[in-house]
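One structure is given here, and the rest of the page talks about it.
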Amino acid sequence: MNGPRVRFAPSPTGYFHVGSARSALFNWFIARQSPDGVFILRIEDTDTDRNREEWVDGIVSAMAWLGLDLDAGPFRQSANHVAHTDATQRLLDGGYLYFCDCTGDDVAARKGDNKTPGYDGFCRDRGLARGERTALRFATPRTGATVVPDLIRGDVEFQNIVIDDFVVAKSSGAVLYALANVTDDRNDAITHVIRGEEHLPNAPKQMLLWSALNAVTGVDVPLPAYAHLPLLVNEQRKKLSKRKDPVATESYRDEGYLPEAFVNYLALLGWSPRGDEEIVPRQTLINEFRLEDVSHSPAFFDVKKMRSFNGEYIRRLSLDEFLAAVAPWVRPWATNWQPTDRTVPWTKEQFDEALFTRVAPLVQERVAVLSEVPSMVAFFFLDTAPYDDADFAKTIANDPLNQALLAAAIERFASEEWNATSLHASVVELGEAMGLNLRKAQAPIRCAVTGSLVGPPLFESLEFLGRERTLTRLREALERCSA
RNA sequence: GGUCCCAUCGUCUAGUGGCCUAGGACAAUACCCUCUCAAGGUAUAGGCACGGGUUCGAAUCCCGUUGGGACUGCCA
């Protein structure tokens with residue numbers, strides 16, 4: 001029982017941020033590197049004004065989707081409030097805390113051009129007792145320095161004089177993040193605190209709190225190792241914002257990213273596996289990951305690259321795996337999970353599973369995300385082809401020669417042997433008779449049958465669609481011209 | 001303003017004093033393949049922010065400059 005004990009401690013205040021997903025992943029790597037490693041999910045929900053239960057569900061299901069399995073939890077930090085208030089009382093008794101009745105305006109007014117940040121310790125020696133508007137502050141040392149031994153960055157030194165007397169408990173009695181987090185980390189015997197770089201300035205405060213708690217409880221829990229991950233930034237090199245940037249992990253799932261691809265890409269933000277190969281199995285990521293190798297500088301979350309990875313992962317799927325993966329987008333009525341805000345172009349009755357199974361290999365190598373599949377195969381299931389008006393006008397409506405070719409095709413296809421090879425040969429001949437190469441000759445047929453100029457290979461598509469439906473569509477296209 | 005962090009192709013990174021005329025991946029461009037679109041193949045272009053040191057030798061170590069970022073809440 002002396003393996004690493006790590007925790008992922010998000011606050012449920014919104015969608016599951018991709019940066020959070022990466023923090024969770026790196027924590028999970030550390031836990032999974034040891035047979036007795038422990039990965040804990042702790043929901044930090046002490047701010048009752050901002051937390052919503054649905055966001056907790058979002059975190060839990062997103063982590064399950066990514067395959068980040070838990071050894072303990074999910075726990076609610078709010079469930080530990082007795083431990084938090086107990087810790088507060090002990091610190092108060094031990095002389096580490098004092099009451100303060102300053103309002104935010106008071107603090108700001110007194111600050112003036114004082115160069116040290118935050119609160120100036122005005123109430124530290126006023127000997128205030130608990131009152132209706134008294135918050136509890138931690139009396140930070142005024143001399144010396146606190147060194148955060150960061151596994152990624154090395155020692156980071158903070159002069160104690162610049163660490164202000166931060167609030168530990170609100171006047172309402174509610175214990176705040178800094179103390180709640182440290183109390184829980186001590187109780188959980190966390191060995192590695194792995195989190196975003198925005199928490200680096202919190203680290204010395206929490207170390208001070210940790211040591212004070214050790215002294216005041218008589219229980220000497222060793223300090224955890226710290227690792228502050230480089231931030232994920234947008235194109236403007238600013239921290240990824242929930243409001244302005246596409247950061248919701250859920251939305252990538254809805255779009256049809258594979259969890260393995262998502263995990264692989266996330267792992268590459270601030271770290272890289274050995275050698276020149278970037279697409280590597282999860283087990284390799286686990287085996288090779290080292291906090292000491294994580295880069296120090298912010299990383300841009302590049303959706304383009306992730307798309308490319310996802311396409312690669314999709315192409316590596318077996319047919320059965322692909323069919324299973326794409327099911328929520330093509331037959332959502334039969335799956336446990338459905339992407340939100342996506343409508344399928346066909347009805348349950350129109351969908352033909354056997355036909356889709358034959359068609360699937362054609363689209364599997366053509367999509368980067370699974371949500372692209374429906375529009376690519378819709379013409380197989382819809383009663384009439386979903387026409388792209390511009391394509392239709394260009395290749396059929398305004399092109400008499402192509403109309404003649406369609407008429408010839410109708411004649412020829414009526415008796416043609418119905419397979420891709422012979423259809424291919426017959427369109428070559430049809431084209432030659434009219435002085436068209438295959439590239440030109442296939443276009444009007446493709447447009448008439450599939451509705452657009454781009455799509456899966458034409459002759460296989462015709463074979464799968466069948467003679468009758470193909471002929472019907474060719475006729476409909478011609479009728480559409482004269483209408 | 002203060003504290004702290006950071007700095008290799010457009011982007012993510014390899015690189016831990018000589019293996020670097022700096023490697024890979026995504027994106028870009030060209031060509032090949034080809035029934036469209038993709039995929040695949042081949043090739044091209046593109047980078048050590050700047051200035052000082054240290055050293056026989058620096059992308060790698062030190063200092064400074066510049067630039068970027070995080071934090072600076074009775075949020076987490």
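Side chains included, hydrogens not; waters and symmetry mates left out as well; all remaining heavy atoms used. Only a predicted model underlies this, so the values are computations on that prediction, with no experimental measurement involved.
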Under 4.0 Å between a side-chain N or O of A:Lys205 and OP1 or OP2 of B:rC71? no

is_close_aromatic(A:Tyr252, A:Phe309), centroid dist under 6.0 Å: no

Subject >> A:Trp418/A:Phe413 aromatic ring centres below 6.0 Å >> reply: yes

The nucleotide from B:rA38, B:rA76, B:rA70 with an atom nearest the side chain of A:Glu365 is B:rA38

Of the listed B:rC6, B:rC12, B:rU36, the closest approach to the A:Ala299 side chain comes from B:rC12

Taking only N and O in the side chain of A:Arg137, is any of them less than 4.0 Å away from OP1 or OP2 of B:rC74?
yes

With a 4.0 Å cut-off on heavy atoms, is A:Pro230 in touch with a base, just the backbone sugar-phosphate, or nothing at all? nothing

Open item on the list: At less than 4.0 Å, is any side-chain N or O atom of A:Arg439 found next to OP1 or OP2 of B:rU36? Yes or no.
Closed with: yes

Rounded to whole Å, CG of A:Asp302 lies from P of B:rC26 at a distance of 11 Å

Would you tell me if any nitrogen or oxygen in the side chain of A:Thr46 comes within less than 4.0 Å of OP1 or OP2 on B:rA76? yes

Is the distance between the ring centroids of A:Phe289 and A:Phe26 less than 6.0 Å? yes

note: A:Asp165, atom CG; B:rU72, atom P; distance rounded to Å ~ 16 Å

Students often get this wrong, so: under 4.0 angstrom with heavy atoms, is A:Lys238 touching a base, only sugar-phosphate, or nothing? sugar-phosphate

In Watson-Crick or G-U wobble terms, with both distances under 3.5 Å, the base opposite B:rU55 is none

Report task. Would you classify A:Glu44 as touching base, sugar-phosphate or nothing, given that sugar-phosphate means primed atoms plus P, OP1 and OP2, and contacts are heavy atoms under 4.0 Å? Result -> sugar-phosphate

Taking a pair to mean Watson-Crick or G-U wobble geometry with both distances below 3.5 Å, B:rU11 pairs with B:rA25

Testing B:rC71, B:rC5, B:rC75 for proximity to the side chain of A:Glu197, the answer is B:rC5

Per atom distances to the A:Arg237 side chain, the nearest of B:rG68, B:rC35, B:rC37 is B:rG68

- Select base, sugar-phosphate, or nothing to describe what A:Pro298 touches, counting heavy atoms under 4.0 Å on all strands. sugar-phosphate

Would you state whether a donor and an acceptor, one from the side chain of A:Glu460 and one from the base of B:rC35, lie under 3.5 Å apart? yes

Taking B:rU60 as the reference, what is the distance to B:rC48 when you measure between their C1' atoms (whole Å, please)? 10 Å

| A:Glu157 near the nucleic acid: base, sugar-phosphate alone, or nothing, with a heavy-atom cut-off under 4.0 Å? | sugar-phosphate

Across every strand shown, the nucleotide meeting Watson-Crick or G-U wobble geometry with B:rU60 (both distances under 3.5 Å) is none

The nucleotide from B:rG40, B:rA70, B:rA25 with an atom nearest the side chain of A:Glu198 is B:rA70

Requested in this report: For A:Arg274, answer base if it contacts any base atom (sugar-phosphate contacts may also be present), sugar-phosphate if it contacts only those atoms, and nothing otherwise; contact means non-hydrogen atoms under 4.0 Å.
Outcome: nothing

In whole Å, what separates the P atom of B:rG2 from that of B:rU65?
13 Å

Between B:rC5 and B:rA45 - C1' atom distance, rounded Å: 34 Å

Closest to the side chain of A:Phe309, out of B:rC74, B:rC12, B:rA25, is B:rA25

Only one of A:Glu197, A:Arg153, A:Arg195 passes side chain to side chain donor-acceptor pair (under 3.5 Å) with A:His228, and that residue is A:Arg195

Q.
Base of B:rC35, side chain of A:Arg446 - is there a donor-acceptor contact under 3.5 Å?
A. yes

Ranking B:rC75, B:rC37, B:rC74 by distance to the side chain of A:Arg366, first place goes to B:rC37

| query | Which part of the nucleic acid, if any, lies within contact of A:Ser272, taking any heavy atom under 4.0 Å across all strands shown: a base, the sugar-phosphate backbone alone, or nothing? | reply | sugar-phosphate

Here the distance between atom P of B:rA22 and atom CG of A:Asp276, to the nearest Å, is 15 Å

Practice task
Look at all strands and tell whether A:Gly270 reaches a base, only sugar-phosphate, or nothing, counting heavy atoms closer than 4.0 Å.
Solution key: sugar-phosphate

From CZ of A:Phe300 across to C1' of B:rG47 the rounded distance in Å is 18 Å

Which value, in whole Å, describes the distance between the P atoms of nucleotides B:rG18 and B:rU13? 23 Å

**Prompt:** Which value, in whole Å, describes the distance between the P atoms of nucleotides B:rA28 and B:rU11?
**Reply:** 16 Å

Under a 3.5 Å limit on both distances, the Watson-Crick or wobble mate of B:rA49 is B:rU65

- Counting just side-chain N and O atoms, does A:His296 come under 4.0 Å of either OP1 or OP2 of B:rC6? yes

Of A:Phe158 and A:Lys304, the one whose closest nucleotide on RNA chain B sits nearer the 5' end is A:Phe158

- Query: Base, sugar-phosphate, or nothing: which does A:Leu268 touch, judged by heavy atoms less than 4.0 Å apart?
  - Reply: sugar-phosphate

Re B:rA38: Watson-Crick or G-U wobble partner, both distances kept under 3.5 Å, found to be none

Worksheet entry | Pair A:His192, A:Asn27: side-chain N/O donor-acceptor within cut-off below 3.5 Å | no

Problem set entry | Euclidean distance for P, B:rC31 against B:rC37 (whole angstrom) | 14 Å

Scanning all shown strands, the Watson-Crick or wobble mate of B:rC71 with both distances under 3.5 Å is B:rG2

Whole-Å distance, A:Leu240 CG to B:rA76 C1', equals 17 Å

Regarding the side chain of A:Glu312, the nearest nucleotide among B:rC12, B:rC35, B:rG40 is B:rG40

We want to know whether A:Ser78 and A:Asp45 form a side-chain donor-acceptor pair, criterion being a heavy-atom distance below 3.5 angstrom.
yes

Closest to the side chain of A:Ser308, out of B:rC74, B:rC26, B:rA39, is B:rC26

Using a heavy-atom cut-off of under 4.0 Å over every strand shown, decide if A:Leu176 touches base, sugar-phosphate, or nothing. sugar-phosphate

Problem set entry | Modelled atom types, side-chain donor and acceptor of A:Asp165 and A:Thr140, under 3.5 Å | yes

| request: Pick base, sugar-phosphate or nothing for A:His228, based on heavy-atom distances below 4.0 Å to the nucleic acid. | output: nothing

#### Entry: Base B:rA76 to side chain A:Asn202, donor-acceptor N/O within 3.5 Å cut-off
yes

Heavy-atom nearest nucleotide on RNA chain B taken for A:Ile152 and for A:Gly104; more 5' hit belongs to A:Ile152

Under 4.0 Å between a side-chain N/O of A:Lys305 and OP1 or OP2 of B:rC12, yes or no? no

Measure centre to centre between the rings of A:His199 and A:Tyr177, then say whether the value is under 6.0 Å. yes

- Item | Rounded distance in Å between the C1' positions of B:rU42 and B:rA49 | 34 Å

Looking at A:Arg22 and A:Leu269, would you say the former's side chain and the latter's main chain have a donor-acceptor pair under 3.5 Å?
yes

### Query
Do any side-chain nitrogens or oxygens of A:Ser295 fall under 4.0 Å of OP1 or OP2 in B:rU13?
yes

- Item | Side chain A:Arg153 and base B:rC5 donor-acceptor under 3.5 Å | no

* Asked: Looking at the rings of A:Tyr257 and A:Tyr313, which for Trp means the six-membered one, are their centres under 6.0 Å apart?
  -> no

- Message: Measuring only the P atom in each nucleotide, how far is B:rU55 from B:rG15? A whole number of Å is fine.
- Response: 28 Å

